[in-house]
Amino acid sequence: MSEADDLEIANETRDSLPAADTLASSVVILLVMTVVQRLVGFGRGVLFCRWLDPEQLGQWDVTFGFLMLAAPLAVLGLPGSFGRYLEYYRFRGQLGAFLRRTTLLCTATGVVAVLTMVGARYWFSELIFGRRDHPDLVLWIALCLATVIAHNFLVSLFIALRMYRVVNLLQFLQSLGFALLGVPLLIFWKCDTASVVVAYGVASLVAALGALSWLKGFWPTRRVTDQSIAPRDFWAKLIPFATWVWVTNLVTNLFEVVDRYMIIHCSGMPVDEALRQVGCYHSSRLIPLLFVSIAALLGSMVTPHLSFDWEAGRRAEVSTRLNTVLKTLALALLAASTAVLVLAPYLFNVAFAGKFAAGLAVLPATLAYCAWFGMFAVAQNYLWCAEKAGLSSLALLVGLVVNVALNLVWLPTAGLAGAVAARIVSNLGAIVLVYLFSRWHGMRIELGTWLLTLAPAVLCFGPLAAIAVLAVIGVGAFAGNWLFHAEEKRQFVEVWFSCLGKLKSWRKLLAKPEYAEPIET
């Protein structure tokens, strides 16, 4: 096939799909929709903390961690490769073959994972909860895993298609459904972990079923779909990157859950007390994890745009845009975390009914390491575009090893505080390694990026220190170019006025229309 034919097919492919959102408008959509979604999630989390005792809350925490670990592992990391390779096959008119083959393989491996859990439910009970007397709960978790896999697959697909309105709607439906189902189940069925697991599984299923109606509009035309790919060439291209995504997901989620599982299995505490400590830990992570989820979603949104620039040969543009995103994200996370520190006493003493004093004590350090973990999700994009995802996994692996080693030393003596201290050291080390690896492969890390990345460390010293540092950053951002350069400031102003313009347009649409007088003939 000639180059002209390839170009014609690529244009036909792009015309057959709805227009993708721009990066700036995507961020605006993300912020608007996410505010409502996170408010719903926060309200749900507060109610769970009030109604569940610390042990039950700890059970849900380790269950959720297991689901986040098992879901991407079960599908071999394939959905994680969509952001990098969907555009690759879309430009070559092979999107249909790409979607068919990945969907079939993910379905098959997901079914195997669920059946394995059902058959070995006593072993999984010991793994998740530290004891073998919860096989019935493991069955609910297995069914929930199936729906989570389907939901995550569709979210990854729509993110790769840059249809963020759909992504935000799916996330919103899942969050809202979780709240609407979880609260009545806790009140009228069982006030324990099983109700929460069932609610989360059903909410994920409803959101996934709702997404199916959009798939028809995204499926390519027949001519594009018929473009064949030799299976050997297809998997030889996709599997290496998907394998690294699989490894990254494994290391990332182990990195995320290992401290709680070590509290259960390695702290020397009785299982009930260990689960209570995990419940207190959960309360301290309620708000910080909201920040992490927003940062992770932002990282997924940035991937297709950076990949598009990379494929077009604009490598310097990738570096510049990623620096801007990282600096903006670091400043936003620091400001939001400072506000949380100011309001934390009211939250824990009133909203959480004073049940989680240990969680309040470790909240400042939790906010700091979660800020770095959220930034890591964005920073690794350069390595992904350069097809060096293995280095991202290596950074996390080093952090994981450090985390486990420090937990073995600090956890038996310092308890929950030791586990959180280990996370601070390991998270900071991981993001610094990603920066160094990216720099070795051509990314220019600006001074402002380094300074704003280190800034969340001040959260460990309390709200007054954080407010002081924010004031210094604010003065530095406007008074000089050592944090944000002139072009970034110009872009911020443009985005701000663009948002104001869209807000005015929405207000006009919401206003009551005036009906014209009928025309006499």
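All residue numbers in this chain count up from 1 along the given sequence. Every heavy atom of this structure was used, including side-chain atoms; hydrogens, water molecules and symmetry mates were not.
Judged by distance alone, with hydrogens and angles left aside, the side-chain atoms of S195 form no donor-acceptor pair with the main-chain N or O of C191 at under 3.5 Å. Proximity of a side-chain donor or acceptor of Y261 to a complementary backbone N or O of V62 within less than 3.5 Å is detected. Side-chain N or O atoms of S175 include none that pairs as donor or acceptor with a backbone N or O of F172 at under 3.5 Å. The backbone N or O of G77 sits nowhere less than 3.5 Å from a side-chain atom of S81 that would complete a donor-acceptor pair. At least one donor-acceptor pair closer than 3.5 Å links the side chain of K355 to the backbone N or O of L52. Looking only at distances, a side-chain donor or acceptor of Y382 sits under 3.5 Å from a matching main-chain atom of H441.
If you take CG on N427 and CE on M375, they are separated by 12.0 Å, rounding to the nearest 0.5 Å. Distance check: Y200 OH to Q174 CD gives 4.5 Å after rounding to the nearest 0.5 Å. N403 contributes atom CG, which lies 12.0 Å from atom CG of L397 (distance to the nearest 0.5 angstrom). Taken to the nearest 0.5 Å, the CE atom of M68 stands 10.5 Å off from the CD atom of E256. The structure places CD of Q277 at 7.0 Å from CD1 of I263, a figure rounded to the nearest 0.5 Å.
Atom CZ of R314 has more than 12 heavy atoms from other residues, nucleotides or ligands within 6.0 Å.
Classification of the F48-F178 ring pair by plane angle, with boundaries at 30° and 60°, yields perpendicular. By the 30° and 60° cut-offs, the orientation of the rings of F352 relative to F356 is perpendicular.
With sequence neighbours excluded, the residues forming a side-chain hydrogen bond (donor to acceptor under 3.5 Å, both in side chains) with S392 are Q380, listed by chain and number.
Side chains of R285 and Y369: a donor on one and an acceptor on the other come within 3.5 Å. Y435 and T453 form a side-chain donor-acceptor contact under 3.5 Å, judged by distance and modelled atom types alone.
Annotation: cation-pi pair R44/F42 absent, no NZ/CZ under 6.0 Å from the ring centroid and within 45° of its normal.
Using a 4.0 Å cut-off between a side-chain N of Lys or Arg and a carboxylate O of Asp or Glu, E317 and R315 do not qualify as a salt bridge. Using a 4.0 Å cut-off between charged side-chain N and carboxylate O, R131 and D272 make a salt bridge.
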Distance-only check: which donor-acceptor pairs under 3.5 Å involve side-chain atoms of residues 337-350, not counting sequence neighbours?
unit_1, atom_1, unit_2, atom_2, d
S337, OG, L333, O, 2.8
T338, OG1, L334, O, 2.8
N349, ND2, P345, O, 3.0

